[in-house]
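Notes follow once the structure below has been shown.
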Amino acid sequence: MMNHYNHSYHLVDFSPWPLTSSIGVMTLVTGLMKWFHNFNMNLLIMGYIITIMSMYQWWRDVTRESTFQGKHTISVTKGLKWGMILFIISEIFFFLSFFWAFFHSSLSPNIEINYNWPPLSIIPFNPLQIPLLNTIILISSGITVTWAHHNLMKNKLIQMKQSLFLTIILGIYFTLLQTYEYLEAPFTIADSIYGSTFFLTTGFHGLHVIIGTLFLFICLMRHIFNHFSKNHHFGFEAAVWYWHFVDVVWLFLYIFIYWWSN
């Protein structure tokens with residue numbers, strides 16, 4: 001079809017997935033409210049199923065367009081790169097809002113927490129235990145995912161698969177350790193502004209780690225099916241950018257929320 005165009009841009013085909021995704025998300029949010037008020041999860045589960053099926057089929061079509069149909073030309077790939085850059089910038093400002101709340105409360109504690117930070121009733125985590133281990137894990141995963149990208153550029157496909165698999169294992173290990181940390185936490189999200197800022201910031205970062213791990217897992221599956229080459233692999237490159245963003249956010253989290261705030 002590209003031979004009939006006088007430009008290199010991708011004209012998107014008709015697709016039902018934006019509509020089904022919208023229906024799925026609406027059902028998901030409605031089901032969430034029903035769960036909160038009536039403790040009934042049926043609508044919530046239905047929303048999850050519709051959303052996940054729409055995501056799978058939409059991404060399947062995008063993979064076909066980029067890998068087999070040749071619709072992701074140089075111009076399209078350039079647009080995708082700018083889209084990913086702008087998305088990461090929006091994520092930076094998303095986390096900036098949480099850090100703003102944290103520093104607003106920690107640098108000038110008010111009378112409700114007795115002018116102390118952390119509040120007297122809060123026992124913070126030891127930054128030299130699980131938080132330090134998680135820092136080492138994420139830094140190591142940043143190294144392994146960079147090594148995976150290097151191997152792909154050098155056409156070392158077996159080493160690329162091994163290093164990418166190791167990155168995914170490190171991401172899962174980080175999530176398990178953070179789950180254990182939450183279960184053993186001596187305070188909750190309801191314990192003053194400290195608990196709120198701590199769990200919101202680290203919780204959303206943990207969610208981003210899970211999303212990034214899934215992103216890399218999909219890239220591993222696509223690599224096994226030979227979807228990537230050293231000249232055509234922006235899907236994997238976007239996952240690498242996202243993972244490095246997650247790493248950098250964690251470094252700020254560790255330095256300020258775990259170590260400096262202790």
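Both backbone and side-chain heavy atoms feed into the values below; hydrogens, waters and symmetry mates do not. Sequential numbering from 1 along the given sequence is applied to the chain's residues. Just so it is clear, the structure is predicted and the values come from calculations on it, not from any experiment.
- The shortest distance between side-chain heavy atoms of S106 and F256 does not fall below 4.5 Å.
- In this structure, OG on S121 lies 10.5 Å from CZ on F187, to the nearest 0.5 angstrom.
- Checked against F198 for a ring-ring contact (aromatic ring centres under 6.0 Å, His included), the options F99, F125, F102 give a single hit: F125.
- Counted within 6.0 Å of OH on Y56, heavy atoms from surrounding residues, nucleotides or ligands total 12 or fewer; the atom is thus considered open.
- In this structure, a donor-acceptor pair under 3.5 Å is present between the side chains of N40 and N42.
- Other residues, nucleotides and ligands contribute over 12 non-hydrogen atoms within 6.0 Å of the CZ atom of F95.
- In this structure, S21 contributes its side chain and P18 its backbone to no donor-acceptor pair below 3.5 Å.
- When the shell of 6.0 Å around CZ of F234 is examined, it contains more than 12 heavy atoms from other residues, nucleotides or ligands.
- Taking a 6.0 Å sphere around OH of Y173, one finds it holds 12 or fewer heavy atoms contributed by other residues, nucleotides or ligands.
- Heavy atoms from other residues, nucleotides or ligands lying under 6.0 Å from CG of L86 number more than 12.
- A donor-acceptor contact closer than 3.5 angstrom links the side chains of H208 and E91.
- I210 forms part of a hydrophobic cluster together with L214, judged by ILVMFWY side-chain heavy-atom separations under 4.5 Å.
- Proximity of a side-chain donor or acceptor of H205 to a complementary backbone N or O of L200 within less than 3.5 Å is not detected.
- V25 is not connected to I49 by any chain of hydrophobic side-chain contacts under 4.5 Å among Ile, Leu, Val, Met, Phe, Trp and Tyr, and they are in different clusters.
- Under a hydrophobic-cluster definition in which Ile, Leu, Val, Met, Phe, Trp and Tyr are linked whenever side-chain heavy atoms come within less than 4.5 Å, directly or via other members, I45 and L28 are assigned to the same cluster.
- For the pair Y242/F87, a side-chain contact is recorded, criterion being any heavy-atom separation below 4.5 Å from C-beta on.
- Side chain of N126 to backbone of L128: a donor-acceptor contact under 3.5 angstrom is found.
- Taking the centre of each ring, F236 and H227 stay at or above the 6.0 Å mark.
- You'll find the ring centres of Y258 and W250 inside the 6.0 Å limit.
- Between H72 and V62, the closest heavy-atom pair is CE1-CG1, 4.1 Å.
- In this structure a side-chain-to-backbone donor-acceptor pair under 3.5 Å is missing from N38 to W35.
- More than 12 heavy atoms of other residues, nucleotides or ligands shown are found within 6.0 angstrom of OH on Y182.
- Proximity of a side-chain donor or acceptor of T197 to a complementary backbone N or O of Y194 within less than 3.5 Å is detected.
- Of the inter-residue distances, the one linking M33 atom CE with L44 atom CG reads 11.0 Å to the nearest 0.5 angstrom.
- Side-chain contact, W17 with D61: a donor N or O sits under 3.5 Å from an acceptor N or O.
- Clustering ILVMFWY residues whenever any of their side-chain heavy atoms sit less than 4.5 angstrom apart, transitively, puts W100 in a cluster other than the one holding L107.
- Every pair passing side-chain hydrogen bond (donor to acceptor under 3.5 Å, both in side chains) that includes a residue from residues 150-169 is listed here, sequence neighbours excluded: T144-T167.
- With no hydrogens or angles considered, a side-chain donor-acceptor pair links H149 and H233 at under 3.5 Å.
- Using the six-membered ring where Trp is involved, F94 and F98 have ring planes that are perpendicular, over 60° apart on the 30 and 60° scheme.
- In terms of the salt bridge (charged side-chain N to carboxylate O under 4.0 Å, His left out) criterion, R60 has no residue partners (sequence neighbours excluded).
- Here I137 contributes atom CD1 and I169 contributes atom CD1; the two are 12.0 Å apart, rounded to the nearest 0.5 Å.
- Crowding of I158 atom CD1: a count of heavy atoms from other residues, nucleotides or ligands under 6.0 Å not exceeding 12.
- Checked by atom type and distance alone, the side chain of T20 never pairs as donor or acceptor with a backbone atom of S54 at under 3.5 Å.
- For the residue pair H232 and T67, no side-chain donor N or O sits within less than 3.5 Å of a side-chain acceptor on the partner.
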Given the rule in the side-chain contact (heavy atoms from CB on, under 4.5 Å) test, do Y254 and L132 qualify, once you have shown the distances and angles that lead to the verdict? CA-CA 8 Å; Y254 177 75; L132 180 60; 3.7 Å; yes

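- Annotation for W82: atom CH2 does not count as buried by contact number, only 12 or fewer foreign heavy atoms lying within 6.0 Å.
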For L251 and I139: C-alpha separation, side-chain torsions, deciding distance, then whether side-chain contact (heavy atoms from CB on, under 4.5 Å) applies. CA-CA 9 Å; L251 290 178; I139 292 175; 4.0 Å; yes

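- Side chains of S261 and W117: a donor-acceptor N/O pair is present below 3.5 angstrom, by distance only.
- Put simply, F174 and L183 are part of two different groups of oily side chains (I, L, V, M, F, W, Y) that touch within less than 4.5 Å, one to the next.
- Under the 4.5 Å side-chain contact rule for hydrophobic residues, I52 and I211 do not share a cluster.
- Of the possible polar contacts, one joining the T175 side chain to the G171 backbone as a donor-acceptor pair under 3.5 Å is found.
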Let me see the working for W241 and I85 under side-chain contact (heavy atoms from CB on, under 4.5 Å), right down to the final yes or no. CA-CA 9 Å; W241 291 358; I85 290 170; 3.9 Å; yes

